[in-house]
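What's counted below: heavy atoms across the whole structure, side chains too, no hydrogens, waters or symmetry copies.
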Amino acid sequence: MSYNFREIEAKWQRYWAEKSTFKAIDGSEKEKYYVLDMFPYPSGAGLHVGHPLGYIASDIYARYKRHKGFNVLHPMGYDSFGLPAEQYAIQTGQHPSVTTETNIARYREQLDKLGFSFDWNREVRTSDPKYYKWTQWIFIQLFNSWYDKSKDKAEEIEQLIEIFKKEGNVNIKAACDEDTPVFTAAEWNKLNEKKQEELLLKYRLTYLADTVVNWCPALGTVLANDEIVNGVSERGGHPVVRKKMTQWSMRITAYAQRLIDDLQKVDWPQSLKDAQANWIGRSVGASVTFNTMPSVDNQSSYPIEVFTTRPDTIFGVSFMTLAPEHELVSKITTQEQKEEVESYVQITSKRSERDRLADVKSITGAFTGAYAEHPFTGESIPIWIGDYVLAGYGTGAVMSVPAGDQRDYDFAKHFNIPVPNIFEGIDISEEAFANKELTVITNSGFLNGLDFKEATKKVISELEKIGSGQGKVNYRLRDAVFSRQRYWGEPFPVYYVDGIPKMISEENLPLTLPEVEKYLPTDTGEPPLGNASVWSWDIKQCKVVDNNLIDNKTVFPLELNTMPGWAGSSQYFNRYMDPENNKEIFSQEAINYWQQVNLYIGGVEHATGHLLYSRFWQKFMFDKGLVPYEEYARKLINQGMILGTSAFVYREEGTNKLISKGLINGLKVTPLHADVSLVSSSDELDIAAFQKWRPEFKDAEFVLENGKYIVGREVEKMSKSKYNVVNPDEICEEFGADALRMYEMFLGPLEQAKPWNTAGISGVYAFLKKLWRLYHSGSEGSFHVSEELPAKEALKTLHKTIKKVEEDIEQFSFNTSVATFMICVNELSAQKCSNKSILEPLAILVSPYAPHIAEELWEKLGHKESISTEPFPKFEADYLIENSKEYPISFNGKMRFTIELPLDMGKEEIESAVLAHEKTKAQLQGRTPKKVIVVPGKIVNIVG
RNA sequence: GCUCGAGUGGUGGAAUUGGUAGACACGUUGGACUUAAAAUCCAAUGGCCAUUAUGGCCGUGCGGGUUCAAGUCCCGCCUCGAGUACCA
């Protein structure tokens with residue numbers, strides 16, 4: 001009987017599905033363990049071999065944990081809202097839900113072939129109304145909350161209203177809009193409802209605001225910062241422009257500090273934590289207000305607020321710079337400078353973001369003609385505008401200290417502005433001195449002689465005294481724009497009364513996505529939902545619930561934007577705990593049992609997107625008392641990308657000749673991608689198949705070497721457009737899912753990017769066949785195990801393997817455990833081992849990696865139940881005959897000797913041997929011997 | 001520029017965290033079985049030198065250092081990759 005993986009794999013996949021083998025039990029007596037994968041967006045291209053890498057790793061770990069006696073939750077679902085299905089709809093008219101359904105079916109089929117132990121009963125889809133009901137629900141909770149900075153916690157908006165009624169907002173410390181006015185209780189109570197609502201919007205955790213957004217005309221939508229790469233859209237590479245729009249935003253900045261601090265609570269890769277901390281970009285400094293000086297043109301004085309990390313250098317200010325977009329620019333510019341300033345503002349606004357980024361070197365700016373008063377010296381400081389100051393960071397204005405900042409220095413030199421030196425003993429004739437640790441301040445009034453720390457402290461207290469500033473922490477992180485002008489996303493549960501947003505009542509959720517005629521913006525430029533005709537009907541239904549606000553006659557407009565891609569993915573991990581619940585987002589029993597994700601595996605590309613937003617939502621839910629942990633994923637691993645090995649043919653320029661790689665020798669050639677499936681493992685191109693694939697080369701001349709056309713190779717990202725995609729289905733067909741699973745693990749460390757090479761799979765395939773043969777040592781390869789007691793040697797091999805495999809899995813070194821299995825099977829084969837007491841535990845060991853073959857062997861060993869919850873074999877050190885170890889000791893590279901001794905003994909032996917050696921050596925060198933100290937198991941230390 | 005990370009055979013990668021570098025696998029070469037191929041099995045495989053078996057020297061990006069002992073630790077470079085970018 002040979003290893004027929006096709007039959008075996010189909011059989012066990014059917015068995016698992018029928019018996020619901022991997023169903024996670026809510027509230028089981030067993031200890032819980034939650035293993036989560038980042039759920040995929042079901043794209044039309046299907047899976048390539050790179051996609052399942054993380055899923056295989058998590059599956060191995062989940063299966064291992066089941067063997068270790070845990071009640072494992074290992075769910076899967078789909079992030080099924082998204083742009084590609086919508087774009088396909090625009091092109092073809094096919095409803096995105098149909099496209100999505102088809103793609104999901106294909107994904108499911110591909111996933112099933114790989115033998116994952118997912119609990120499919122818990123599947124979620126973000127585009128399913130039963131699911132997005134709860135995405136909308138969270139949105140409402142955010143809308144009804146504000147952030148109390150004094151408690152560092154989200155609170156009910158009702159509570160805020162009560163405070164406003166009693167004492168206004170003077171005592172409130174909240175995360176709110178910058179432009180929130182101060183008001184008293186009396187003033188609040190006098191306001192009409194609309195005005196009150198407008199003020200409340202400045203406090204709500206999700207709010208409507210005019211924001212400058214990244215507008216992508218080609219995609220017809222707004223993009224978040226993390227959806228833009230190098231100034232163009234991540235998807236499609238279209239240009240992006242800045243545009244002002246009214247949008248929903250999420251007040252994630254309220255949580256900036258907690259998002260940084262709590263990184264300490266999680267076991268995540270340091271690089272990912274760094275990326276998040278950088279993205280949030282905390283900087284400590286002060287906010288300082290400079291007042292403009294009244295002039296002939298301008299009698300009034302305006303305050304200009306700046307943020308600086310170097311308040312200690314305030315006496316070195318020789319000018320101020322505003323971003324060209326700063327709102328004060330038009331107000332303070334003098335008649336004389338008007339023309340120059342306006343033309344400069346014109347030029348900079350025309351420059352695209354991309355140009356601005358590309359051109360960092362050239363220094364541009366214009367003088368406004370206005371001056372500000374220095375808060376301490378009273379000197380007049382010229383106010384400039386320059387595009388090196390960004391409107392979007394801090395206050396869009398800086399106090400320029402050329403002595404301490406290189407950009408200010410360059411600007412000053414370029415425009416002949418003085419550069420006062422405020423650093424003792426530092427030469428600033430060539431460049432600015434930005435190292436704050438290494439100097440003391442001088443020429444700075446009351447700050448003279450102080451270092452950075454002391455001066456900063458002192459200046460802040462002085463600023464506070466004169467009311468011109470205070471210490472401040474600034475974050476790079478912006479509030480997250482939450483509106484998208486798309487069809488295929490969650491509708492907002494929002495309607496408008498007199499321009500004021502209202503939430504649809506919770507019992508009326510979900511507000512389902514309506515049908516539309518076309519998926520493009522309306523003729524009047526409204527988002528695609530504006531095309532829906534059935535929404536007014538929906539609204540009338542709402543009256544049943546919201547009868548105070550909606551009657552049969554009045555139709556209130558609904559929000560026409562939809563939510564962004566990250567909305568649905570910010571809560572799915574908790575929803576898996578209780579996915580069918582239609583009354584609550586999840587029951588308290590479910591969340592209290594499953595608590596949080598123990599292991600989360602996914603790609604690092606979500607570092608500043610999904611992984612940040614979902615932490616924010618979790619913290620909010622924690623504040624609301626809905627979840628027991630402030631962080632939802634205790635441990636996270638980023639699996640590395642599997643890269644493709646692209647193949648190239650080389651066309652000689654200006655000809656239709658394709659030159660074999662070895663014959664290029666300086667010829668001018670254009671490399672062209674060739675589909676990797678047309679190339680043999682020895683890099684030979686199948687010319688006939690290639691011509692069929694690319695009819696334009698039907699008449700091309702192929703210049704061969706040794707009768708072959710040899711392609712060039714290059715490692716690139718695996719992608720359809722590079723024709724280097726390897727399909728897992730084909731691998732499964734040829735070698736089986738078990739071989740694919742083991743090979744993906746064998747390729748290299750989980751977290752590292754590594755190139756795919758199909759040829760290498762023969763090694764693990766041969767291993768599986770050898771493993772099979774180990775259990776089929778009977779005549780003609782029939783199944784045979786012996787009941788005899790195993791040889792010592794075999795026991796040693798087994799226990800060595802148990803130890804290593806367990807250690808490897810715990811450390812996620814799956815690649816080395818595959819090697820361990822190979823060694824194990826080779827040794828057992830050589831020993832002609834067929835003992836049941838060896839082969840039974842071996843099947844369990846292999847089972848997380850190659851579950852199908854393990855189940856089959858387990859059944860043949862006479863077991864009726866699935867192998868999946870069999871206890872993991874116990875390692876017993878006694879079986880390792882290897883209870884002594886050789887300690888090599890070499891001195892000077894010349895003398896070399898080895899001591900063999902038991903592991904836990906032999907201190908004296910080592911000591912005396914080393915001592916003897918040391919004595920000889922000391923004698924040779926004519927000195928007294930050093931003391932020799934031997935640490936058991938840790939070899940030797942010599943102390944002088 | 002800044003912040004992380006990595007450089008080991010022809011290739012992917014091991015190395016008990018300071019203790020015999022190159023496990024395991026691919027590839028290559030030779031052999032067995034076969035009419036042949038596939039499959040399978042065996043042997044060799046870092047480089048150089050020597051050879052009658054035994055051996056010798058060099059070797060983990062480069063240059064220093066610590067140590068009896070360095071791929072591993074320290075200092076200074078080089079190269080590549082990822083993230084971020086006029087962040088005040």
Side-chain angles (χ1 to χ4, degrees), chain A residues 2 225 229-230 269-279 281-283 285 306-311 313 320-321 323 356-357 359-361 363 386-390 392-401 404-408 410-411 434 474-477 604-605 607-608 638 640-641 645 681-682 713 742-743 746-749 751-764 766-767 769-770 773 803-804 807 813 815-824 826 829 885-896 898 914 917-918 921 930 932 937-942 944:
Chain A
S2 61
N225 283 339
V229 177
N230 295 328
Q270 193 55 43
S271 58
L272 191 123
K273 291 187 189 183
D274 290 345
Q276 288 209 348
N278 283 338
W279 187 260
R282 178 181 206 262
S283 45
V306 301
F307 174 75
T308 176
T309 54
R310 296 293 305 275
T313 63
M320 297 186 71
T321 316
R356 244 168 108 159
L357 283 175
D359 178 24
V360 202
K361 287 281 176 295
I363 295 158
D387 70 356
Y388 80 96
V389 176
L390 305 176
Y393 181 76
T395 60
V398 300
M399 59 175 224
S400 302
V401 184
D405 183 288
Q406 194 58 44
R407 290 157 307 171
D408 295 344
D410 294 340
F411 195 88
N474 206 40
Y475 298 93
R476 201 189 75 121
L477 184 71
V604 73
E605 65 271 20
T608 54
N638 292 126
M641 208 190 306
T645 312
S681 59
S682 51
R713 292 286 197 175
M742 290 203 108
Y743 185 52
F746 188 61
L747 275 178
E751 287 157 282
Q752 187 180 302
K754 46 211 171 276
W756 177 267
N757 170 19
T758 303
I761 201 170
S762 61
V764 288
F767 157 77
K769 284 193 280 191
K770 278 186 219 168
R773 231 176 294 133
K803 184 163 190 276
K804 185 79 168 85
E807 279 170 7
S813 310
N815 54 333
T816 50
S817 46
V818 177
T820 307
F821 285 131
M822 291 178 175
I823 296 167
C824 174
N826 282 339
S829 301
K885 185 162 180 172
E886 287 190 348
Y887 292 88
I889 298 172
S890 79
F891 284 39
N892 288 347
K894 279 183 185 167
M895 285 174 266
R896 188 179 281 189
T898 308
V914 176
H917 173 82
E918 172 60 12
K921 198 177 149 230
K930 291 176 180 174
V932 174
K938 261 289 178 194
I939 326 288
V940 188
N941 269 326
I942 298 183

For the pair made of [atom1] in [X] and [atom2] in [N], what is the distance, rounded to whole Å?
X	N	atom1	atom2	result
A/D405	B/C2	CG	P	15 Å
A/K769	B/A39	NZ	P	8 Å
A/M641	B/A82	CE	P	9 Å
A/D387	B/A88	CG	C1'	15 Å
A/R407	B/G1	CZ	P	16 Å
A/I761	B/G27	CD1	P	12 Å
A/N638	B/G83	CG	P	12 Å

Which nucleotide, [options], lies nearest any side-chain atom of [X]?
X	options	answer
A/V398	B/A39, B/G83, B/A88	B/A88
A/A819	B/U40, B/C86, B/A23	B/A23
A/S762	B/A88, B/C4, B/G27	B/G27
A/L390	B/G83, B/C4, B/C86	B/C86

| task | For A/F746, enumerate each residue passing the ring pair (Phe, Tyr, Trp, His ring centres under 6.0 Å) test, keeping only those at least two apart in sequence or located in another chain. | result | none

| request: Applying ring pair (Phe, Tyr, Trp, His ring centres under 6.0 Å), name anything that partners A/F411, two or more places apart in sequence or on another chain. | output: A/F319, A/W384, A/Y388, A/F415

| If every non-hydrogen atom of A/A275 is compared with every non-hydrogen atom of A/T608, which pair is closest and at what distance? | O-CG2, 4.0 Å

Please determine if a side-chain N or O atom of [X] lies less than 4.0 Å away from the OP1 or OP2 oxygen of [N].
X	N	result
A/Y393	B/C86	no
A/S283	B/A88	yes
A/N826	B/A25	yes
A/R476	B/A85	yes
A/R282	B/C87	no

Taking the same atom, [atom1], in [N] and in [M], what whole-Å distance lies between them?
N	M	atom1	value
B/C73	B/G10	C1'	32 Å
B/U45	B/C80	C1'	29 Å
B/G18	B/A70	C1'	7 Å
B/U11	B/G27	C1'	7 Å
B/A38	B/U29	P	13 Å
B/A21	B/U60	C1'	7 Å
B/C57	B/G61	P	22 Å
B/A15	B/C24	C1'	12 Å

| Secondary structure of RNA chain B in dot-bracket form (Watson-Crick or G-U wobble, distances below 3.5 Å, | marking inter-strand pairs) | (((((((..(((......[....)))((((((.......))))))((((.....))))..(((((..]....))))))))))))....

| Sugar-phosphate only, base, or nothing, as touched by A/T321 at under 4.0 Å among non-hydrogen atoms | nothing

| message | Please classify the nucleic acid contact of A/K770 as base, sugar-phosphate, or nothing, using heavy-atom distances under 4.0 Å. | response | sugar-phosphate

| field | Given RNA chain B, 5'-ward residue of the pair A/T309 and A/S271, judged by closest heavy atom | value | A/S271

| note | The residue, A/M822 or A/D274, whose nearest nucleotide of RNA chain B is more 5′ is A/D274

| query | When syn is taken as a glycosidic angle within 90 degrees of 0, is B/G30 syn or anti? | reply | anti

| query | Hey, is B/U52 sitting syn or anti, using the within-90° cutoff around 0? | reply | anti

Residues that [X] engages under salt bridge (Lys or Arg N to Asp or Glu O under 4.0 Å), provided they are two or more places apart:
X	result
A/K754	none
A/R713	A/D683
A/D408	none
A/E605	none

Under 4.5 Å between any side-chain heavy atoms of [X] and [Y], yes or no?
X	Y	value
A/Y743	A/W756	yes
A/V604	A/M641	no
A/P749	A/N815	yes

| request: Could you give me the CA-CA distance, side-chain angles and deciding distance for A/T816 and A/K804, then say whether side-chain contact (heavy atoms from CB on, under 4.5 Å) is met? | output: CA-CA 9 Å; A/T816 50; A/K804 185 79 168 85; 3.8 Å; yes

| message | Using the side chain to side chain contact (heavy atoms under 4.5 Å, CB included) criterion, which residues pair with A/N474? Sequence neighbours excluded. | response | A/S283, A/F307, A/Y393, A/K472

Protein and nucleotides 11-15 of chain B: nitrogen or oxygen contacts under 3.5 angstrom:
{"residue": "B/G12", "atom": "O2'", "partner": "A/L747", "partner atom": "O", "Å": "2.6"}
{"residue": "B/G13", "atom": "OP1", "partner": "A/Q752", "partner atom": "NE2", "Å": "2.6"}
{"residue": "B/A14", "atom": "OP1", "partner": "A/N815", "partner atom": "ND2", "Å": "3.0"}

